[in-house]
Asker: 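Following this message is one structure expressed as structure tokens.
Every number for a ligand or one of its atoms is a count from 1 in the order of the listing.
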Amino acid sequence: FSTSAAIDEPINPSIQIDHTQLLINGQFVDAASGKNFPTFDPRTGDVIARVAEGDAEDINRAVAAARKAFDEGPWPKMTAYERSRIMFRFADLLEKHTEEVATLETWDNGKPYEQAAKIEIPMVVRMFRYYAGWADKIHGLTVPADGQHHVQTLHEPYGVAGLIIPWNFPLLLYSWKVGPALACGNTVVLKTAEQTPLSALYVSKLFHESGLPPGVLNVVSGFGPTAGAALSSHMDVNKLSFTGSTATGKVVLGLAANSNLKPVTLELGGKSPFIVCEDADIDKAVELAHSALFFNQGQCCCAGSRTLVHESVYDEFVEKAKARALKRVVGDPFKTGIEQGPQIDNEQFQKILKYIRSGIESGATLETGGEQLGSRGYYIQPTVFSNVQDDMLIAKEEIFGPVQSISKFKDLTEAVQKANASSYGLAAGVFTQNLETANTLTRALRVGTVWINCYDIFDAAVPFGGFKMSGQGREKGIYGLSSYLQIKAVVSPLKNP
Ligand code: ADP
């Protein structure tokens, strides 16, 4: 691997951390308990800042503020056009602050700065513009009912939306949830991931500078079993949207059910197949299979983590996939030209190394990688396993790291059987030049997204979500919008009786 940057001498980010408190009712405040917790630099394991640690009491305060802003206004009582304009202004302001925001994101998460600044923050801006555009275009139907009644439907916000996000794409997932929730007129309490609390506080401040009224968007940093659980089980939260692991998704759904039955959107884990057919353009497939897995240090719920290759092109594919991984540029994510930074934290780092050991022990062929890079922080060599069998742990469980697992199939029937042999069903990649093959696979795959001859295309308008244990409901696009709206039927007689 080319480690173009000296991993052990991290570059100093030229930014000051201004916001580390909770954002409740438009004010930065300490946690009620006075407690705080450290957030770490994944490049070194050093503390970047200490952040207020919200728990149940702070969630109560935040929900009360959101409740008031919903019930008494101003948010749902503003015209939709006014709400839309505030969201557009925020998108503009965010765009102006791309450098600072991307710096925070890289520092707290470890992702390459160029990826944050050139891909992710622009996607966040686009997402807010997309949903700002929807805010004043939400309307119901008139329904031709039997009998002498006029029937209409109103599409109304739920009220207070509780949003829980993970650490792998802190701001992108912020936009996927905060965007549609606010566009529909809900108010929000957001619980960020404990590993990456910084960027959401910074941009939420910008949102208030754009004219967002106090109480409409509250941000609570803190841990899952305390702050996250309190939000999930809160009796005054009317809608929940969660992105994270399948195990935590089950807990959150249970908490929602056992409290007030709030509807829940879940975007959970995956073990997505990337299917390379015999007629695929191999060089392109190698490159895309590589990025499908290694993008964001392998920390994507939709990572193409099972590379399934037709036996006739398998040897060539493995050789080229290995060569590509060896060329991957790993280093300090603040340097230019870096493709891969460190993993998020020590826990994930150890977990990934454990999966690598399990791959070796279970008899998969380690083509390249497998070790830590450098002596500080959480860098892992781009790792490629071939000869991976379906019953191996590395073929079944989500690794969430830079570990590509390649296995072989002999025909389309076997490809489908292998692809669907998972409790997950988030996404799949299909590589073929043959339209019939593409159509056959597309219909057969039990997943929420099929990318044909491409991967990881995340347009604001395209729905995203999982089949099976990868989740329920959809985010982005009009489908994501509808998950923040409830339908009221209004019936009146045509003539007074
Ligand atoms: P990951 O493995 O990505 O850290 P988690 O699902 O544990 O996955 O975390 C995703 C989000 O869920 C984080 O914001 C985390 O704090 C939160 N979380 C973790 N446990 C709980 C819980 N018991 N209740 C509510 N939220 C939780």
Side-chain angles (χ1 to χ4, degrees), residues 22 31 35 37-40 42 51-56 58-60 62-63 108-111 161-174 176-178 188-201 204 218-235 237 239-260 262 264-271 296-303 305 343-352 354-355 378 397-401 424 426 466 469-472 475:
L22 313 177
K35 285 205 282 189
F37 67 99
T39 183
F40 299 100
V51 174
E53 181 185 334
D55 60 24
D58 305 289
I59 291 291
N60 284 341
V63 172
D108 217 7
N109 172 282
K111 64 180 69 214
L163 310 178
I164 300 178
I165 54 175
W167 46 262
N168 58 341
F169 292 98
L171 276 185
L172 195 62
L173 297 179
Y174 172 104
W176 287 21
K177 296 192 195 296
V178 174
V188 165
V189 176
L190 173 80
K191 210 294 278 173
T192 49
E194 54 272 30
Q195 296 87 344
T196 52
L198 298 177
S199 57
L201 293 170
S204 298
N218 306 276
V219 183
V220 178
S221 320
F223 293 88
T226 49
L231 187 59
S232 310
S233 54
H234 206 290
M235 294 301 286
V237 171
K239 159 78 196 176
L240 198 67
S241 181
F242 169 85
T243 299
S245 61
T246 294
T248 307
K250 287 185 179 179
V251 174
V252 161
L253 189 60
L255 293 171
N258 289 321
S259 50
N260 61 349
K262 55 183 82 61
V264 185
T265 301
L266 297 173
E267 207 266 90
L268 309 174
K271 194 73 188 173
N296 208 43
Q297 293 68 248
Q299 303 168 143
C300 300
C301 48
C302 59
S305 51
Q343 308 307 126
I344 184 75
D345 62 12
N346 188 45
E347 191 185 327
Q348 291 292 324
F349 174 78
Q350 298 297 348
K351 195 173 121 192
I352 295 161
K354 207 166 129 201
Y355 274 118
Y378 311 120
E397 295 182 6
E398 192 173 34
I399 300 176
F400 234 61
Y424 294 117
L426 195 52
M469 284 170 73
S470 287
Q472 54 190 41
E475 297 195 280

Asker: Using a 4.0 Å cutoff against the non-hydrogen atoms of F242, which atoms of ligand 1 qualify?
Answerer: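 Reading through ligand 1 atom by atom, the close ones are 6 (O), 11 (C), 12 (O).
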
Asker: Would you say H234 and N60 are linked by a side-chain donor-acceptor pair, where the criterion is simply a distance under 3.5 Å?
Answerer: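 N60 vs H234: donor-acceptor pair found between side chains.
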
Asker: Tell me whether N296 contacts the main-chain N or O of N168 through its side chain, where contact means a donor paired with an acceptor under 3.5 Å.
Answerer: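 Yes, the answer is positive, given that a donor and an acceptor are paired below the 3.5 Å cut-off.
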
Asker: Roughly how far, to the nearest 0.5 Å, is the CG atom of L171 from the CD1 atom of I165?
Answerer: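 Here the interatomic distance stands at 7.5 Å.
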
Asker: What's the separation between atom CH2 in W176 and atom OG1 in T243, rounded to the nearest 0.5 Å?
Answerer: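 OG1 of T243 is found 7.5 Å from CH2 of W176.
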
Asker: For atom 5 (P) of ligand 1, which of T248, V251, L190 has the closest heavy atom?
Answerer: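 It is T248 whose heavy atom sits nearest to atom 5 (P) of ligand 1.
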
Asker: Side chains of Y174 and T192: do they bring a donor and an acceptor to under 3.5 Å?
Answerer: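 Checked: Y174/T192 side chains show no N/O donor-acceptor pair below 3.5 Å.
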
Asker: What atoms of ligand 1 come within less than 4.0 Å of a heavy atom belonging to T192?
Answerer: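 With T192 as reference, the close atoms of ligand 1 come out as 14 (O).
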
Asker: Short N/O distance, under 3.5 Å, between P166 and ligand 1?
Answerer: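 No, since none of the N or O atoms of P166 sits under 3.5 Å from an N or O of ligand 1.
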
Asker: Please compare A247, G228, S245 and report which has the shortest non-hydrogen distance to atom 8 (O) of ligand 1.
Answerer: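 Result: the heavy atom closest to atom 8 (O) of ligand 1 is in S245.
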
Asker: Are any of the N or O atoms of I164 closer than 3.5 Å to those of ligand 1?
Answerer: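 No: no nitrogen or oxygen of I164 is under 3.5 Å from one in ligand 1.
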
Asker: Could you tell me if any non-hydrogen atom of F400 lies under 4.0 Å from any atom of ligand 1?
Answerer: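 For ligand 1, residue contact (heavy atoms, under 4.0 Å) with F400 is absent.
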
Asker: Test your reading of the model: is there a side-chain donor-acceptor pair from T39 to the backbone of T196, 3.5 Å cut-off?
Answerer: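 No.
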
Asker: When you measure from atom 14 (O) of ligand 1 to each heavy atom in L163, I165, L231, which option holds the nearest one?
Answerer: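 Comparing heavy atoms across L163, I165, L231, the nearest one to atom 14 (O) of ligand 1 lies in I165.
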
Asker: Relative to the heavy atoms of K191, which atoms of ligand 1 are at a distance of less than 4.0 Å?
Answerer: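 Listed by number with element: 13 (C), 14 (O), 15 (C), 16 (O).
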
Asker: State the atoms of ligand 1, each with its element, that fall below the 4.0 Å cut-off from a heavy-atom position in A229.
Answerer: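 Those qualifying, in numeric order: 24 (N), 25 (C).
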
Asker: Under 3.5 Å between some N or O of ligand 1 and some N or O of E194?
Answerer: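 Min N/O separation from ligand 1 is below 3.5 Å for E194.
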
Asker: Using a strict threshold of under 4.0 Å (side-chain N to carboxylate O), is an ion pair present between K177 and E475?
Answerer: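 Result for this pair is yes, salt bridge flagged.
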
Asker: Do E397 and Y355 have a side chain donor and acceptor closer than 3.5 Å?
Answerer: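 Side-chain D/A pair, E397 to Y355: present.
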
Asker: Counting from 1, what ligand 1 atoms have a heavy atom of T243 closer than 4.0 Å?
Answerer: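 Those qualifying, in numeric order: 10 (C).
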
Asker: Under the 4.0 Å line, does any protein heavy atom show up next to atom 1 (P) of ligand 1?
Answerer: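 Protein heavy atom within 4.0 Å of atom 1 (P) of ligand 1: present.
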
